[in-house]
Peer 1: 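Supplied in structure tokens, the structure appears directly below.
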Amino acid sequence: MEKTSLEKENNTLNTDFLSLNPSTLEVIGKVENTSSEEIDAIIVKAKKAQKLWAARPDAERKEILLKVAEALQTHSKHLAEWITKEQGKPLNGPGAHFEMQACVGWTQVPASLDLPEEIVFEDETRKDILYRNPIGVVAAIAPWNWPLMIAIWQIIPSLRMGNAVVIKPSEYTTFCSLEMIKVINSVLPEDILQVVTGKGEVGAYLTGHPEIGKIMFTGSIATGKKVIEASANNMARLTLECGGNDAGIILPGLDVAKHIESIFWGAFLNMGQTCACLKRLYVHEDDYEKVVQALAGYSSNIPMGNGADETIVLGPIQNKMQYDKIQDLIHDAENTGAEFLFKGQKPDLKGYFIPVTLIGNVDNGDRIVDEEQFGPVLPIIKYKTVEEAIWKANDSENGLGASVWSDNSDEAEKVAAQLEAGTVWINQHGAIHPFVPFGGAKQSGYGVEFGIEGLKAVTTPKVISIKKQTS
């Protein structure tokens, strides 16, 4: 295999990366790049283990994964504390304990599903049976925003269908990820789930490795395109979830008070650091003031700080890179005449805190609207007609999720049908479910996760066609 940048730079690359507590900026530990030689050896072991794992009866694999769910539940408090320490999200509210319960649920559901062979055609001359076989070794590239939950989305369906997994957690959330993998591997057979650590060069080497048959990636569009390029080396199947700049449309006349809690958390779940958060809110000009007042009023009562404090439900931005990006977008909005409708209280702490911020007097074409801010900053855009709102919502390279808010379900469904996104929610946003397929449109990626369709995505179809005996 041609040498990658990782191999070329291994002798000179600074392998140390400091993982920090984003609430306090205290050092958690040093993350080192796994070397190319180590990755090669890991993949050799994964290939061997995968054959043995795939040969086990399907019922046995299901039973083992249910035991994984039990182990995650048993250790959920410990793992939640690690999430809060390294990722930053608070223990409470829709935070670290919430993430751990999602890990348990998204392990139980794939273990409960069946994907049997299917007779796709039969007549008097032939019978065609479709089987779903494991692909082999899956490379999983997990992000820092939901480091354990999204890793579970990648790991468990892959294992369920008989694959082995080599996962690279984000360098920003390595230690909480290692803690979870340790728990999972206390149940799994040896080498069926392995981990590599480090910066982007490690992920590049892993995804371009000739023995990788499937790549599951969650992250930015720019990195997703690099993953696509890497897959040219091995023709690996791809599931890419490349983020979103989700639009929400509030239709005229909404009873805002009834929906304000859902709108708030739709936008600010995990400090807005969620791919399927509401990141652009379109409001009819007649309802604009009441929506702004309701959101500002609700936001003012949400405590922000170090999530280890159990009274806190909003935490910091996870890392300096993302913090700087959000600040840059805020400064650009300031310099281009945006109106700051609300800005929450920043806690007196050292960490990467940005208070909830509502921005008005902006429109499509402004950076704060066009670029995914991935933080607790929400642009609110006026519209005159519903047709205008639909056009503006669709005017984006992204297409992960969208939402429509209305007390008229028929009208909401008509608008939802016209929005260009992988999922359109009505009177909710980001409400994913382990039985419901989830994936993006446009440059938000391709392939789906969750449910039966998610299991299919980590298999390769095989047809056995039988010619019938004729007299």
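Below, all heavy atoms of this structure are taken into account, side chains as well, without hydrogens, waters or symmetry copies.
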Peer 1: Would you call the rings of H259 and W405 parallel, tilted or perpendicular if under 30° counts as parallel and over 60° as perpendicular?
Peer 2: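 Rings of H259 and W405: perpendicular, over 60°.
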
Peer 1: Salt bridge (Lys or Arg N to Asp or Glu O under 4.0 Å) with E63: which residues, sequence neighbours excluded?
Peer 2: K67

Peer 1: Can you list the steps and then say if W425 with T423 is a side chain to side chain donor-acceptor pair (under 3.5 Å)?
Peer 2: CA-CA 6 Å; W425 294 280; T423 301; 5.5 Å; no

Peer 1: Taking atom types as modelled, is there a side-chain donor on N408 or S406 under 3.5 Å from an acceptor on the other?
Peer 2: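 Looking only at side-chain atoms, S406 and N408 do not form any donor-acceptor pair under 3.5 Å.
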
Peer 1: So how far is it from E241 CD to L400 CG, rounded to the nearest 0.5 Å?
Peer 2: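 One gets 5.0 Å once the value is rounded to the nearest 0.5 Å.
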
Peer 1: Verify whether one side chain among D40 and Y205 offers a donor that lies under 3.5 Å from an acceptor in the other.
Peer 2: yes

Peer 1: Specify the closest pair of heavy atoms between A151 and I167, including all atoms of both residues, with the distance to one decimal.
Peer 2: CB-CD1, 3.6 Å

Peer 1: Looking at N233, I141, I212, which one forms a side chain to side chain contact (heavy atoms under 4.5 Å, CB included) with T207?
Peer 2: I141

Peer 1: Can you name the residues that form a salt bridge (Lys or Arg N to Asp or Glu O under 4.0 Å) with K45, not counting sequence neighbours?
Peer 2: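 Checked K45 against salt bridge (Lys or Arg N to Asp or Glu O under 4.0 Å); zero matches.
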
Peer 1: May I ask you to test the M271-Q318 pair for a side-chain heavy-atom distance under 4.5 Å?
Peer 2: no

Peer 1: Applying side chain to side chain donor-acceptor pair (under 3.5 Å) as the test, list every pair that has at least one member in residues 178-192; sequence neighbours left out.
Peer 2: H78-E179, E179-K182

Peer 1: Please assess D324 against K320 for the test salt bridge (Lys or Arg N to Asp or Glu O under 4.0 Å), listing each intermediate value before the final yes or no.
Peer 2: CA-CA 6 Å; D324 289 344; K320 182 70 161 52; 2.8 Å; yes

Peer 1: Are the side chains of E449 and P157 in contact, using a 4.5 Å heavy-atom criterion?
Peer 2: no

Peer 1: Looking at F268, W144, W146, which hits side chain to side chain contact (heavy atoms under 4.5 Å, CB included) with Q273?
Peer 2: W144

Peer 1: In a check of side chain to side chain contact (heavy atoms under 4.5 Å, CB included) between M180 and each of I83, V195, L148, which one passes?
Peer 2: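 So, applying the side chain to side chain contact (heavy atoms under 4.5 Å, CB included) to M180 and each of I83, V195, L148, only L148 qualifies.
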
Peer 1: When you compare the side chains of S19 and E86, does any donor N or O come within less than 3.5 Å of an acceptor on the partner?
Peer 2: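 E86 and S19 do have a side-chain donor-acceptor pair below 3.5 Å.
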
Peer 1: The test is salt bridge (Lys or Arg N to Asp or Glu O under 4.0 Å); show your working for E411 and K414 and say whether it passes.
Peer 2: CA-CA 5 Å; E411 289 301 312; K414 289 177 184 176; 3.5 Å; yes

Peer 1: Please state whether the rings of W153 and F438 are parallel, tilted or perpendicular, taking 30° and 60° as the class boundaries.
Peer 2: perpendicular

